[in-house]
Structure formats: structure tokens, C-alpha cells
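Proteins get letters first, then strands, A, B, ... in listed order; numbering begins at 1 in each.
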Amino acid sequence: MIDVNFVRENPELVAKGSMQKGVKVDIDKLLKLDQQRRDLLNQIDAIRQERNQVAQAASGKKPEAEQLAKGQQLKTQLAQLENEFKTADKDYLELLRTVPNMPLEDVPVGSSEDDNVVYKSGGTPPQFAFTPLSHQEIGEKLGLIDKVRAAKIAGSRFAYLKGDLVRLQFAIVSFVISELGNPELIAKLIADNHLNLPNHPFVPVLPPALLKTAPYEASARLNAEETTYKVEQDDLWLNASAEHTLCTMFMDEVLPKDELPLRFIGYSTSFRREAGSYGKDFEGILRLHQFDKLEMEVFSTPESGLEEHRLLVAIQEHLVSSLGLPYQMMNKCTFDIGKPNARGVDVNTWFPSQQLYRETHSADYLTDYQTRDLKIRTRMDNGKLELVHTNDATAFALGRILAAIIENYQDQDGHFSVPPVLVPFMGGQVKI
RNA sequence: GGAGAGGUACCGAAGUGGUCGUAACGGGGCGGUCUCGAAAACCGCUGUACGGGCAACUGUACCGAGGGUUCGAAUCCCUCCCUCUCCGCCA
């Protein structure tokens, strides 16, 4: 959540930033609740002080009747105020949590997806001498994607992926872990983008796929209505991205400053209810309830948070262009970056069957919006504890990137080539 | 799933209703004395959050979490979470 002190000191700014994100927040009401809450807390503290004094005076001997009476009276008073406080605190927190993170200066102001700004593209959409097929058509024909049987077993928006497509997925996983584990490549990307960062490699992580309510809520990523599955019996949630179990990993911890930035590449199956997307993307494997994803997560000092964000974007571009896929880099506007984000970039990849660039990656810079609730801090050189900054970014969402490969690398006879960079990870196989 | 043990500060660990949550003791860390320097020894310091104050400072809360009993709770009661050991089951 946002820093309440910032709201107190910059109410107009917060109102403006919220509006630009299309979020309605009653800042006046929030400040009123904040004041009310603090007033109650002061009263409570004063009574507690008195209670402590009475108890202290009675300490060690039989309390006098007068002390007993006073103590009981204070206790009643306290209980009442504490009750009031509980309600006030709840209302206050509820409202505070609706305040979005403030967008950075260079985020384009916009009111819909149409205001996102494409700032760069790479590669050229392939020209086919035939009508290109969709990944679903090719995948089905080659026996790589079976959604019919999956529907029988699990319902719509599930798929069996099979055969060489599975080999291709694990080739991608190996490729990414190998690239991100290479400090020389990290150093090169840092230099190419004029960043001032150390070249710590990314540590691969297989995180838990389920998590409890408390950390999920603190991460500001829980979307119970539309996205997140709940395992009711055990009071656990199925993660919707490895990011959710990565960003929460250090909850309640103080990270040693000289170990920052901590960079991770997590691999996890992700689960999404897709409750808000009826009828959208029903063909193929672009939007399933379950897909595997490689996700980068970085914990850094506040000073280097933005540069880490730029590094992650550079890595995304490197990964997509390594696969030889045509892509666009898009600066997301205030409306589209999402509530916890200060800045967001999407990578869109070309899908020949749709003649469209579709979102395959996103990079999110959250500043301290997550870590305030998660209580992830570091001790700065001046001895002060400060909230670390978090960044997350897709390395590859496997379903979507497999689909993009199938479509962009397809040939006349209904097969497709393995992107050259993945061939070594496929044991030399060049065609599927 | 069954049985048992336990969760106290940076770490280990004592504390079972009232002079102290900076919470014995030990270790670590920081500062100092000593030294050419270091080690050892000795002395001192060593949490977080929120509130009030220009500040010095000060109040409150925190002994896994949440409730309760009490004038007063780390200590008693209830619920929950987590860790460890053994048995069972299992990839």
C-alpha cells in the first residue's frame, strides 16, 4: 500500500495520480479517518499509561480498594475506546488500500489501453506464400495440443500439451535459466542500456504454487473476484504467477544491503480463473486457466529500483529477439499499468494468424508499494531501515510463447522450425 | 492421520502473575582503554512500529498470531499458525 505520510503531505498529488489511473479515491475522507484514528490512539495511549501507573502502584502488595476500583474503571473505558479504534482502523486501512501507487513522471497519461505508447519494435513479421494457420490448427494436427480431452477432464480453458511441444517448453526453460545465469550477458545488457548496476546473475527458483491469505494480501496481488483460485479446504490460494510466491519470499525480513540486488528467475505453473474474460481468446492456448511461466523478480534499494526495471525490460527484449520473434515494446499508460505499479512496460509479440501484436510479457516496477505491507526492508548506510523496492517481469509465459513460435516459424506443410537459439537445447532437432 | 516436544531480542538461552521489553546469562556487532599495530583482557553501547514535541526528549505497543481472565500477563485459559522428533501413508 501507499505511504500514508505521503498522502498527508501531498493530498492533491495523490488525488491527481489516482484519477490518472482511473481509480476513484475519496482523499478527504481518508485524511479524516486517519485523523480520527490517531485521536483515538492518543486517548487509548493515555488511558493505558494511567492503567500502567495504577498497576505499578499496586505492584507487590495487596491492591487497595481504591486502586481496584480505578483499575476497573479504566479497564471499562479502555475496552470501549479500543472497540471504537478497531472499527476506525479497519475503515481507514480499507480506504488506504484502495489508493493506487503513484505513476512515475514519464508514464503516459491515458484513459484506456489505446493510450499505451509503442516506443520500439524489432524483427519483421514473416511473409508467407500461403495462408498462415493458427497455433491451434497446427498444434492439433501435429498432435501437440489436445483441448478436447482436456475439456472432458478439467473443463474449458485447459489443454494437454504433448510431444515435441513439451520438449520445446523445457528447451525454453533451460535457455532462459542459462541466459539469466550468465553474469557476462547481464553486464553487457547493463552497459548497452547505460545503467549503473552490478551484474548479479538471476538465481533460478522453483517456488511453492500455493500460498496463504496473509502474504497474498500483503503482496497487493490477490484478485479474489476475477483471477485467483482458492483451495477452500486448506485456506490456500493457487498462485497466478511465480511472482506472487517470489515477491513474498522475504516477508518480515531485513535484507543485507550488500547482497542487493537480489535477482531471481522463478518457474511455476500459474492458475487463473479468467472470470472477467468470457468468450475472449477461446482458440488455442493463449488464455488458459493453467499455464507455466518463467518470471523474474528483483529486490533492490530504492535508488536502483528504476534502473532494475530498465534492466528487466532490456532482458525481455533480449529474450524475445533471441527467439527471432517480431515484437513491439510498449510503454503502458497510467490507466493500464495497474494499481500497484509506478511504471509498466509490455512486450507484444507478433501472431501471424491474427495479424496482431499480442501481449506476451509485462514488466512492473512497484517501488515500495508491496514491501510496505510485506515488511521487507534493508539497513541503509546511515543505519536507517528502509523498504526495498520490487520489480517483476515476465521472462516467458510458456503457453503464449509456444503459440508465437508455432505461428511465426510455420511452413507450407503444416510443420514449424525450432528457433535456432533453442536447437542446442532440443538435442539438435530443427523441425517439429 | 496418530503421539510427543517446542516457538522469547542478531544467534544461543533463562524467565511460570507485579522493580521493570532492551527482558538474566553466553556469543556476535559497534565504540573506547591498553598496544608501534593486532590479539587477549577490561569498560560502555547495541530492537522495531506507531503517536506527541522545533528539539533534548517522551508515551504506547510488541516474548509465534488472535481472543479471554486479572487492578496487573512472556507467565493462567481458549482458538489458530509454524518448526522439530517418532509412527502411519505417500512422489
Whole-Å distance separating the CD atom of A/Gln77 from the C1' atom of B/rC71: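 So the CD-C1' distance, A/Gln77 to B/rC71, works out to 14 Å.
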Between B/rU69 (P) and A/Leu78 (CG): distance, integer Å: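 Those two atoms, CG and P, are 12 Å apart.
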Show the distances under 3.5 angstrom between N or O atoms of the protein and N or O atoms of nucleotides 65-67 of chain B.
none

Canonical and wobble pairing (Watson-Crick, G-U, under 3.5 Å) of RNA chain B, dot-bracket with |: ((((((((.[[[..)..(......]]]((((((.......))))))((((((....)))))).[[[[[..)....]]]]])))))))....
A/Leu255 backbone acceptor or donor facing A/Thr378 side chain under 3.5 Å: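 Yes: the side chain of A/Thr378 pairs with the backbone of A/Leu255.
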Audit row: A/Phe396, A/His361, ring-ring contact (aromatic ring centres under 6.0 Å, His included) steps and yes/no: CA-CA 7 Å; A/Phe396 281 121; A/His361 297 63; 5.4 Å; yes
Of residues 208-219 of chain A, the positions that come close to RNA chain B - non-hydrogen atoms, cut-off under 4.0 Å: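 Those residues whose heavy atoms fall under 4.0 Å from RNA chain B, taken from residues 208-219 of chain A in numerical order, are A/Lys212.
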Aromatic ring proximity, centroids under 6.0 angstrom, A/Phe250 and A/Phe299: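 Under 6.0 Å, so yes.
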Pairs meeting criterion side-chain hydrogen bond (donor to acceptor under 3.5 Å, both in side chains) with involvement of residues 297-307 of chain A, two or more places apart: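 Passing the test, one end in residues 297-307 of chain A: A/Thr301-A/Ser304.
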B/rU85 versus B/rG31 - spacing of their C1' atoms, nearest Å: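 So the two C1' atoms sit 44 Å from each other.
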Polar pairs (N or O, both sides) under 3.5 Å between protein and nucleotides 50-57 of chain B?
{"from": "B/rG51", "atom 1": "OP1", "to": "A/Arg8", "atom 2": "NH1", "distance (Å)": "3.3"}
{"from": "B/rG51", "atom 1": "OP1", "to": "A/Arg8", "atom 2": "NH2", "distance (Å)": "3.2"}
{"from": "B/rG51", "atom 1": "O2'", "to": "A/Asn42", "atom 2": "OD1", "distance (Å)": "2.4"}
{"from": "B/rG51", "atom 1": "O2'", "to": "A/Asn42", "atom 2": "ND2", "distance (Å)": "3.4"}
{"from": "B/rG52", "atom 1": "OP1", "to": "A/Arg38", "atom 2": "NH1", "distance (Å)": "3.3"}

Identify each atom pair where a protein N or O and an N or O of nucleotides 72-76 of chain B are less than 3.5 Å apart, giving names and distance.
{"from": "B/rG72", "atom 1": "OP2", "to": "A/Lys75", "atom 2": "NZ", "distance (Å)": "3.2"}

Upstream residue (5' side of RNA chain B) when A/Leu385 and A/Asn52 are each assigned their closest nucleotide: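 Final value for this comparison: A/Leu385.
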